[in-house]
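Heads up: numbering here begins at 1 and tracks the sequence.
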Amino acid sequence: MKVKKKAIVVIVFTLKVLIMMSSSSNVSSAALYLLGDSSVDCGDNTLFYPIFHHNLSLHPCNGSDSSLLPHFLAEKMGFPYTPPFLTQNGTLQGLLNGLNFGSAQATIMNVPTGDHPLQSLNQQLRQVFETFQLLELQLSPENAHHFIKSSVFYLSFGKDDYANLFLRNSSGIRFKYGGHAFAHVLVNEMVRVMRNLYAANVRKIVCMGILPLGCAPRILWERHNTTDIGVGDATRECVGEVNLRVLEYNTMLEERVVELNSELSEAQIVFCDVYQGIMKIIENPTRYGFEEVKMACCGLGPYGGMAGCVDPGLACHDASTHVWWDLYNPTPAVNSLLADSAWFGQPMPNICRPVTVQELATAPILPRLA
């Protein structure tokens, strides 16, 4: 009986893939897969996160993953909530619904912190390839490859790498790398991963830049206690050196995305500049409905940056008026605004380039060039 039931499930979902393949326009994406840090995961996908959350918040989200930018985008794509990788049981239905491989502790580099290594980009990539193997086992290789090509893969990394670089209790990477060299190493790793995904039949990728960390409450608190991490901007008190390093990384990453789109004939990679979007809000908060641009809604100490959100009960009365939820993460109101801009190109145009996420999601798969 169990074998028969499994066979029925396989047939149903194989038909789903075949219908998608036979579509004359090939305009709808099959699923959304997420890789990243606390910008995609609130800790649900990180083993023992309450114990090993390090410099991050115990509650890095206002409620759940559904308050994060990629989950607003998933809703616009018509996809259900993207479940954490650790909760899936290997069923075909679970795999085809999309997965969140992200971890609130994720970094691009494999940098151990204390006795517990951060869950890196490479670890998440291995989980992606395990998922691809399961898809090929449960579907035919041809159907699995087409499903992967038709899905959108969302990459959001780098925030915690730079946070570690500038925190006083970082793991020594600040002394190992200069600013340009550090950006070069991180961008090369991101490019390597995108190439590996492409080799595994991934074609549609959303590659996120890093937000303006120099304006985040934790960095402001560090600057409040030491002058080692640079001077701030006179108008909004952002830490200039940190933002310049982040801009260097973002610029380098976007340049490489342009190169990959040109080099890989079927690639459709979109770079989304969340730095630009959040800076527009910080520089003109009332235009977008915000009041507080420096203080974390949930945190302790100056700027709410000394300690992260240890209990949501300590949060501000109205998070929608704040830009920052905790040490480094924006509020759901900011994430929603960024998602609208990434999807529609409004109210903040051109933060995703060369096309919007909506245009990427609805684009047909590019033909292979001879």
Side-chain angles (χ1 to χ4, degrees), residues 34 36-75 80-87 100-107 113 116 118-119 156 159-160 163-164 167 169 208 211-213 215-222 224 274 277-278 281-282 285 288-340:
L34 309 177
D37 49 31
S38 56
S39 59
V40 306
D41 171 55
C42 291
D44 297 334
N45 212 22
T46 305
L47 290 174
F48 309 115
Y49 179 76
I51 301 173
F52 298 111
H53 61 280
H54 303 300
N55 295 313
L56 306 178
S57 290
L58 186 58
H59 300 276
C61 305
N62 182 11
S64 69
D65 289 356
S66 61
S67 65
L68 299 177
L69 196 164
H71 298 282
F72 285 118
L73 289 176
E75 185 177 321
Y81 172 77
T82 308
F85 172 78
L86 293 180
T87 65
N100 185 356
F101 302 95
S103 167
Q105 296 182 311
T107 53
T113 302
H116 185 72
L118 299 176
Q119 187 164 331
S156 181
K159 171 169 59 69
D160 293 293
N164 288 335
L167 292 182
N169 60 346
M208 306 299 291
L211 47 69
L213 272 181
C215 305
R218 178 67 173 193
I219 298 296
L220 295 181
W221 179 81
E222 288 279 345
H224 179 79
V274 291
I278 293 180
I281 297 172
I282 290 174
Y288 299 100
F290 295 89
E291 299 173 7
E292 177 55 63
V293 301
K294 294 179 290 185
M295 283 287 299
C297 176
C298 191
L300 302 174
Y303 304 104
M306 181 180 71
C309 188
V310 295
D311 189 327
L314 299 176
C316 61
H317 176 68
D318 186 3
S320 68
T321 63
H322 285 242
V323 170
W324 301 100
W325 165 251
D326 68 349
L327 304 178
Y328 307 110
N329 297 297
T331 58
V334 171
N335 286 328
S336 179
L337 195 62
L338 291 172
D340 285 343

Checklist entry - Do you know the tightest heavy-atom contact between Pro217 and Trp324? => result CD-CG, 3.5 Å
Next on the checklist: Please find the pair of heavy atoms, one from Asp37 and one from Ala106, that lie closest to each other, and give the distance.
Outcome noted: CB-O, 3.6 Å
Item to check | Spatial distance of atom CD1 (Ile278) from atom CG (Leu213) [nearest 0.5 Å] | outcome: 9.5 Å
Item to check | With sequence neighbours excluded, residues passing side chain to side chain donor-acceptor pair (under 3.5 Å) with Thr331 | outcome: none
Next on the checklist: For the cysteine pair Cys297/Cys316, does the gap between the two SG atoms stay under 2.5 Å?
Outcome noted: yes
Checklist outcome for this item: Taking every heavy atom of Leu211 against every heavy atom of Val274, the minimum-distance pair comes out as N-CG2, 3.7 Å
Next on the checklist: Let me confirm one number: the CG-SG distance from Asp311 to Cys298, rounded to the nearest 0.5 Å.
Outcome noted: 7.0 Å
Item to check | Minimal non-hydrogen separation, Asp326 against Asn329, with atom names | outcome: OD1-N, 3.0 Å
Item to check | Set of residues satisfying side chain to side chain contact (heavy atoms under 4.5 Å, CB included) with respect to Phe72, sequence neighbours excluded | outcome: Asn335, Ser336, Ala339
Checklist entry - Under the side chain to side chain donor-acceptor pair (under 3.5 Å) test, which residues partner Ser320, sequence neighbours left out? => result Asp318
Item to check | Non-hydrogen atoms of Val334 and His322 that approach each other most closely | outcome: CG2-O, 4.2 Å
Checklist entry - Any idea which heavy atoms bring Pro84 and Thr87 closest together, and the distance? => result O-OG1, 2.7 Å
Checklist entry - CG/Leu337 to CD1/Ile281 distance, rounded to the nearest 0.5 angstrom? => result 4.5 Å
Next on the checklist: Students often mix this up, so state it plainly: with edges at 30° and 60°, are the rings of His224 and Tyr303 parallel, tilted or perpendicular?
Outcome noted: perpendicular
